Visitor: 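Mind looking over this structure? Questions follow.
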Amino acid sequence: MTLVQDIQSRAGTAPVKVGLILGSGLGHIADTIEGTAIDYADLPDFPHAGVSGHNPKLVIGDLEGCRVAVLGGRAHYYEKGDANAMRLPLETLKALGAEQILLTNAAGSFRKDIPPGNLMLISDHINFSGRNPLIGEPSDARFVNMTDAYDKSIRHDLAEVAASLDIPLKSGVYAWYSGPSFETPAEIRAIHTLGADAVGMSTVPEVILCRFLGLKVAAISTITNMAAGMSDEVLSHEHTKAMAPVGATKLENILRHYLKGLA
Ligand code: HPA
């Protein structure tokens, strides 16, 4: 039995419409879905996703009338130095029928008008890590077009939903910095000068993989802090986990209404 057949034997074969990946401090959203939950540990070759604040299970079920497959946690490049770590999970979401992937993450903001507790809709990214999940991919499909990688129509719909809920959702450019150490203030000044609005340690390799796999993708950051050197906060993972739930409530609200619109 293949991995996908195994999952479908537990969760049913009805195709899912949307795949969701939950970032740091957001994993609990997976627990609000009524459906079938499978621990990553029971999915052969799935990455470990062992970062605290993540919820490493695949949940398939209905959210606001839309059939979804939710990954409650992700594997990051910084865990094992593998930028391709999320390839199997994304291939699995595609094989389960997902047409679009919504990514979420926690990020540090450079923008005073997008302070901690707020959300940022990612419009584009800067791959500041120099890593790419498609290094070693032999096919010509590796030359992925990354213009409008963040799907314009999904972004438009998410922005409309946020506006209808009176939730501020400014757009901005996300820079991927490898982590796991936080950035230095000088690094933040550098990426800010280059055009980024927020920084984080994930998402970018997944967006590249989604485009490679022909999946539409959009992403929203929960801003947990001002980036290094921009405030007196001492950055830590504890701080990220403590702050993520503030934005998570808004994020969950937007996601639910967006999915309702798709159903
Ligand atoms: N930098 C990198 N990753 C992050 C940050 C940050 O400031 N905040 C939350 N995730």
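Every number for a ligand or one of its atoms is a count from 1 in the order of the listing. Quantities reported herein were computed from a predicted structural model and do not represent experimental measurements.
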Visitor: Only heavy atoms of Ala106, strictly under 4.0 Å: list the atoms of ligand 1 that pass.
Guide: 9 (C), 10 (N)
Visitor: Using a 3.5 Å cut-off on N or O atoms only, is Thr240 in polar contact with ligand 1?
Guide: no
Visitor: Strictly distance-based, threshold 3.5 Å: is any side-chain N or O of Asp197 a donor or acceptor partner for the main-chain N or O of Val173?
Guide: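 Yes, because the side chain of Asp197 sits within donor-acceptor range (under 3.5 Å) of the backbone of Val173.
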Visitor: Considering heavy atoms of the protein only, find what lies nearest to atom 3 (N) of ligand 1 and give residue, atom and distance to 0.1 Å.
Guide: Gly200 CA, 3.5 Å
Visitor: Between Glu91 and Lys94, is the closest basic N to carboxylate O distance under 4.0 Å?
Guide: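 Here Lys94 does not pair with Glu91 in a salt bridge, since their nearest N and O are not under 4.0 Å apart.
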Visitor: Show me which atoms of ligand 1 lie under 4.0 Å from any heavy atom of Met201.
Guide: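 The atoms of ligand 1 under 4.0 Å from a heavy atom of Met201 are 2 (C), 3 (N).
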Visitor: Quick test: of every protein heavy atom, which one is nearest to atom 5 (C) of ligand 1, and how far off is it to 0.1 Å?
Guide: Gly108 N, 3.5 Å
Visitor: Can you report which non-hydrogen protein atom sits closest to atom 9 (C) of ligand 1, along with the distance?
Guide: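 Of the protein heavy atoms, Thr224 OG1, 3.3 Å lies nearest.
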Visitor: Within the structure provided, determine whether Val204 and Tyr77 are in side-chain contact (heavy-atom separation under 4.5 Å).
Guide: no
Visitor: Indicate the ring-plane relationship of Tyr150 and His125, choosing parallel, tilted or perpendicular according to the 30° and 60° boundaries.
Guide: perpendicular
Visitor: Any idea which part of Tyr177 is under 4.0 Å from ligand 1, heavy-atom wise: side chain, backbone, both or neither?
Guide: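 Tyr177 to ligand 1: no contact under 4.0 Å from either part.
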Visitor: Just jot down the ligand 1 atoms closer than 4.0 angstrom to any heavy atom of Glu183, in number order.
Guide: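 Every atom of ligand 1 under 4.0 Å from some heavy atom of Glu183: 1 (N), 2 (C), 6 (C), 7 (O).
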Visitor: Is ligand 1 under 4.0 Å from a heavy atom in the side chain of Ala228, in the backbone, in both, or in neither?
Guide: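 Neither part.
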Visitor: Heavy-atom count check: over 12 atoms from other residues, nucleotides or ligands less than 6.0 Å from Lys241 NZ?
Guide: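 For Lys241, atom NZ is crowded (more than 12 foreign heavy atoms under 6.0 Å).
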Visitor: Could you point out which residue of Thr222, Thr224, Thr203 forms a side-chain hydrogen bond (donor to acceptor under 3.5 Å, both in side chains) with Asn105?
Guide: Thr203
Visitor: Need the ligand 1 atom indices (1-based, order shown) with element for anything under 4.0 Å from a heavy-atom of Asn225.
Guide: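 Taking each heavy atom of Asn225 in turn, ligand 1 has 5 (C), 6 (C), 7 (O), 8 (N), 9 (C) under 4.0 Å.
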Visitor: Under a 4.0 Å threshold between the charged nitrogen and the carboxylate oxygen, would Lys57 count as salt-bridged to Asp31?
Guide: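 Between Lys57 and Asp31 there is a salt bridge, with a charged N closer than 4.0 Å to a carboxylate O.
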